[in-house]
Amino acid sequence: MTFKVTDGEQGEWAVLRVSGELDLVTSPVLRQRVHDAVAQGRHHLVLDLSEVFFCDSSGVGVLIAARRLFRSCQGGLRLILPARGAVDGSHVNRVLGALGVRRLFDVYPDLAAAVDEEPLSA
């Protein structure tokens with residue numbers, strides 16, 4: 001499976017759907033797409049990671065940097081990490097949990113849940 005990031009919108013939320021491996025080679029692509037969203041004035045982002053089947057430390061670094069970026073502009077970042085996204089569960093969910101950083105993120109099981117609440121106004 002090749003790495004892919006697709007754009008979308010859901011109300012006030014920009015949505016980036018990510019699929020494939022999030023690693024040293026592909027994480028700069030996601031980092032740039034996150035920065036592009038902010039440059040376009042989007043301060044509320046949902047990252048759908050349900051189709052990411054591998055994530056290394058560089059991918060986690062992008063997620064943490066994205067969280068910091070959206071907090072700095074009084075925005076919001078939400079992750080879609082289904083508990084059972086793949087047959088054996090979401091790889092990203094397990095990696096974030098193992099590293100002890102999952103608690104830093106607002107995590108939702110699907111897009112409907114992630115965009116259900118309105119983003120907090122700055």
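All of these numbers come straight from a predicted model, not from anything done at the bench. Only this structure's heavy atoms are used, side chains among them; waters, hydrogens and symmetry mates stay out.
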### Task
With sequence neighbours excluded, tell me which residues meet salt bridge (charged side-chain N to carboxylate O under 4.0 Å, His left out) with D7.
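Counting only residues at least two positions away or on another chain, D7 forms a salt bridge (charged side-chain N to carboxylate O under 4.0 Å, His left out) with R33.
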### R67: salt bridge (charged side-chain N to carboxylate O under 4.0 Å, His left out) partners, not counting sequence neighbours
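Not a single residue meets the salt bridge (charged side-chain N to carboxylate O under 4.0 Å, His left out) criterion with R67.
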### Task
Determine, step by step, whether D36 and Q40 satisfy the side-chain hydrogen bond (donor to acceptor under 3.5 Å, both in side chains) criterion, reporting the C-alpha distance in whole Å, the side-chain angles of both residues, the deciding distance to 0.1 Å, and the verdict.
CA-CA 6 Å; D36 290 348; Q40 294 167 3; 5.7 Å; no
### Message
Set out, in order, the CA-CA distance, both residues' side-chain angles and the distance that settles side-chain contact (heavy atoms from CB on, under 4.5 Å) for L63 and L49, then state yes or no.
### Response
CA-CA 11 Å; L63 298 178; L49 304 173; 4.0 Å; yes
### Task
Using atom types as modelled and distance alone, determine if a side-chain donor or acceptor of D56 lies under 3.5 Å from a backbone N or O of G59.
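Yes, D56 side chain to G59 backbone: donor-acceptor pair under 3.5 Å.
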### Query
Just by distance, do the side chain of H91 and the backbone of C55 share a donor-acceptor pair under 3.5 Å?
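Side chain of H91 to backbone of C55: a pair is present.
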### Query
Could you walk me through whether R42 and E9 pass the side-chain contact (heavy atoms from CB on, under 4.5 Å) check?
CA-CA 10 Å; R42 305 307 302 257; E9 287 185 18; 3.0 Å; yes
### Message
Applying side-chain hydrogen bond (donor to acceptor under 3.5 Å, both in side chains), can you list everything that pairs with Q10, at least two apart in sequence or on another chain?
### Response
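Expected list: none.
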### Message
Using the side-chain hydrogen bond (donor to acceptor under 3.5 Å, both in side chains) criterion, which residues pair with R31? Sequence neighbours excluded.
### Response
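For R31, no residue satisfies side-chain hydrogen bond (donor to acceptor under 3.5 Å, both in side chains) once neighbours in sequence are set aside.
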### Message
Nearest 0.5 angstrom please: F3 CZ to L30 CG, how far?
### Response
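Rounded to the nearest 0.5 Å, the CZ-CG separation comes to 5.5 Å.
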#### Entry: Euclidean distance, I80 CD1 relative to L47 CG, rounded to 0.5 Å
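L47 CG to I80 CD1: 9.0 Å, rounded to 0.5 Å.
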### Full working for side-chain contact (heavy atoms from CB on, under 4.5 Å) between V18 and T26
CA-CA 11 Å; V18 185; T26 60; over 6 Å; no
### Query
Between L96 and L79, is a side-chain contact (heavy atoms from CB on, under 4.5 Å) present by the stated rule, with each step listed?
CA-CA 11 Å; L96 294 178; L79 305 182; 4.1 Å; yes
Give every donor-acceptor pair under 3.5 Å between a side-chain atom in residues 99-115 and any protein atom, sequence neighbours left out.
| from | atom 1 | to | atom 2 | distance (Å) |
| --- | --- | --- | --- | --- |
| R102 | NE | N93 | OD1 | 2.4 |
| D110 | OD1 | A112 | N | 3.3 |
| D110 | OD1 | A113 | N | 2.8 |

### Query
side chain to side chain contact (heavy atoms under 4.5 Å, CB included) with S57: which residues, sequence neighbours excluded?
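Residues passing side chain to side chain contact (heavy atoms under 4.5 Å, CB included) with S57: none at all.
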